Amino acid sequence: MREPTVVWAADYFQSYSVVGLLAVVGVLFVAVAFGAGRLLRPVVPTPEKLLTYECGVDPVGEGWAHTQVRYYVYAFLYVIFAVDSIFLFPWATVFAAPGYGATTLVEMFIFLGFLAVGLLYAYKKGVLAWT
């Protein structure tokens, strides 16, 4: 008769063997698909095909593009408010629990106050004005 820990270990590794087998099948599927594509595609390089392009448009001018900083600022403000919403949802669930109401309310208003000060600073600096 086998030891109970040996039976448990065998069941444990058997469940992971299914995951491992699925991973191997997935990797093989991708490898076969790429290999078939490489073997079946026609290879006829021409100067037009070897030209670099972006989004189907032939390049014009130099390769460097100037991007205004305000786009990064808008992306940064979006990230800030996305993080704010991530904090607001758990706060709402804890706020409903008995005994946590006043403490969590004060903590969240402090957090929202910091965000409001940052937004007010961005507004005063003219960052939010789209020109």
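Please read all numbers here as calculations on a predicted model, not as lab measurements. Keep in mind that the numbers below use all heavy atoms, side chains included, and drop hydrogens, waters and symmetry copies.
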Query raised in the report: Do F81 and L119 have side-chain heavy atoms sitting under 4.5 Å apart?
Result: yes
**Report entry** Separation between CG of L115 and CE of M108, rounded to the nearest 0.5 Å
**Finding:** 9.0 Å
**Report entry** For V106, the rest of its hydrophobic cluster, which grows through side-chain links under 4.5 angstrom
**Finding:** I110, F114
